[in-house]
Amino acid sequence: MRRVGADEAIRALIGAYADRLDAGDLDGVAELFARGVFRSARGGPPRTGASEVRRMYDPVIIYDDGTPRTKHVLGNVLVAVEDGERTASATCTFTVLQAAPDGPLRPVLAGRYVDRFACDPDGDGTWYFEERVVHPDLMGDQSRHIAAR
């Protein structure tokens with residue numbers, strides 16, 4: 001079996017976040033942060049661990065097909081592996097498109113992810129999120145994406 005390099009493993013984690021969220025797998029998204037922190041650059045409390053991150057996604061509207069009807073488009077993914085391949089950082093841009101059943105395809109959010117990762121200390125080569133900071137640079141109409149609180 002081919003060993004996955006650090007850069008490839010980190011890119012896979014970044015992609016898994018987008019894929020799981022677009023699939024409506026909010027529990028799976030939260031599990032990505034079982035040992036990590038998720039926070040917004042716009043403020044609010046940092047969310048630590050899977051249960052706190054999962055609660056953060058409670059307002060996401062899930063449609064009859066089991067998804068939020070979104071597609072995360074990622075770009076400009078830059079990965080830097082450090083410390084003898086034990087830690088890493090990454091940045092990327094994102095655009096979230098949505099096609100709600102009662103509306104047209106439209107962008108609802110665009111911004112940047114700034115991430116830190118670590119490799120499992122037991123030496124099996126598993127990478128995980130230590131921290132994700134979301135920079136929501138452009139906000140669109142999210143009325144069909146996030147339920148009013």
Side-chain angles (χ1 to χ4, degrees), residues 1-2 4-81 87-120 124-149:
M1 184 169 165
R2 182 174 80 85
V4 175
D7 185 90
E8 190 175 346
I10 290 162
R11 288 174 184 273
L13 280 170
I14 293 167
Y17 171 84
D19 290 344
R20 291 177 187 189
L21 193 48
D22 291 338
D25 181 7
L26 304 181
D27 292 335
V29 169
E31 281 303 313
L32 292 172
F33 297 93
R35 297 191 273 182
V37 176
F38 189 108
R39 62 188 180 90
S40 172
R42 290 194 179 218
R47 310 296 178 133
T48 303
S51 62
E52 285 187 20
V53 171
R54 177 59 184 88
R55 280 194 299 278
M56 179 181 71
Y57 286 101
D58 284 346
V60 172
I61 299 168
I62 302 296
Y63 289 91
D64 289 343
D65 67 354
T67 76
R69 307 273 307 154
T70 57
K71 179 60 67 182
H72 284 68
V73 180
L74 305 175
N76 304 327
V77 180
L78 302 173
V79 176
V81 180
T87 62
S89 59
T91 61
C92 74
T93 58
F94 69 88
T95 302
V96 181
L97 303 171
Q98 185 183 43
D102 60 344
L105 176 66
R106 63 202 168 116
V108 295
L109 180 64
R112 297 167 286 127
Y113 297 133
V114 178
D115 299 323
R116 286 187 303 115
F117 302 89
C119 190
D120 199 321
D124 73 353
T126 301
W127 285 86
Y128 60 92
F129 279 97
E130 276 193 320
E131 180 182 53
R132 167 161 277 183
V133 180
V134 178
H135 295 262
D137 299 325
L138 302 172
M139 306 285 281
D141 178 0
Q142 296 186 11
S143 62
R144 292 179 184 92
H145 182 47
I146 305 293
R149 295 181 188 186

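When all heavy atoms are compared, the tightest approach of Arg144 to Ala100 is CD-CB, 3.6 Å. Across Thr95 and Ala110, no two heavy atoms sit closer than the pair OG1-CB, 4.1 Å.
In this structure, the side chains of Asp120 and Arg35 come closer than 4.5 Å at one or more pairs of heavy atoms. Put simply, the side chain of Ile10 does not reach to within 4.5 Å of the side chain of Asp115, judged on heavy atoms. Side-chain contact check for Ile146 versus Val60: some heavy-atom pair is nearer than 4.5 Å. Side-chain contact check for Arg116 versus Thr87: every heavy-atom pair is 4.5 Å or farther apart. With contacts defined as side-chain heavy-atom distances shorter than 4.5 Å, the pair Ile61/His145 does not qualify. Looking at heavy atoms from C-beta onward, Cys92 lies out of side-chain contact with Asn76 at the 4.5 angstrom threshold.
For Asp22, the side chain to side chain donor-acceptor pair (under 3.5 Å) partners are Thr70, His72, not counting sequence neighbours.
Because its NZ or CZ atom is both nearer than 6.0 Å to the ring centre of Tyr113 and within 45° of the ring axis, Arg132 counts as a cation-pi partner of that residue. The cationic atom of Arg69 (NZ for Lys, CZ for Arg) does not lie both less than 6.0 Å from the six-membered ring centre of Tyr63 and within 45° of the ring axis.
Here Glu52 does not pair with Arg47 in a salt bridge; the nearest charged N to carboxylate O distance is not below 4.0 Å.
Atom CG of Asp58 has more than 12 heavy atoms from other residues, nucleotides or ligands within 6.0 Å.
Taking the centre of each ring, Phe117 and Phe129 come in below the 6.0 Å mark.
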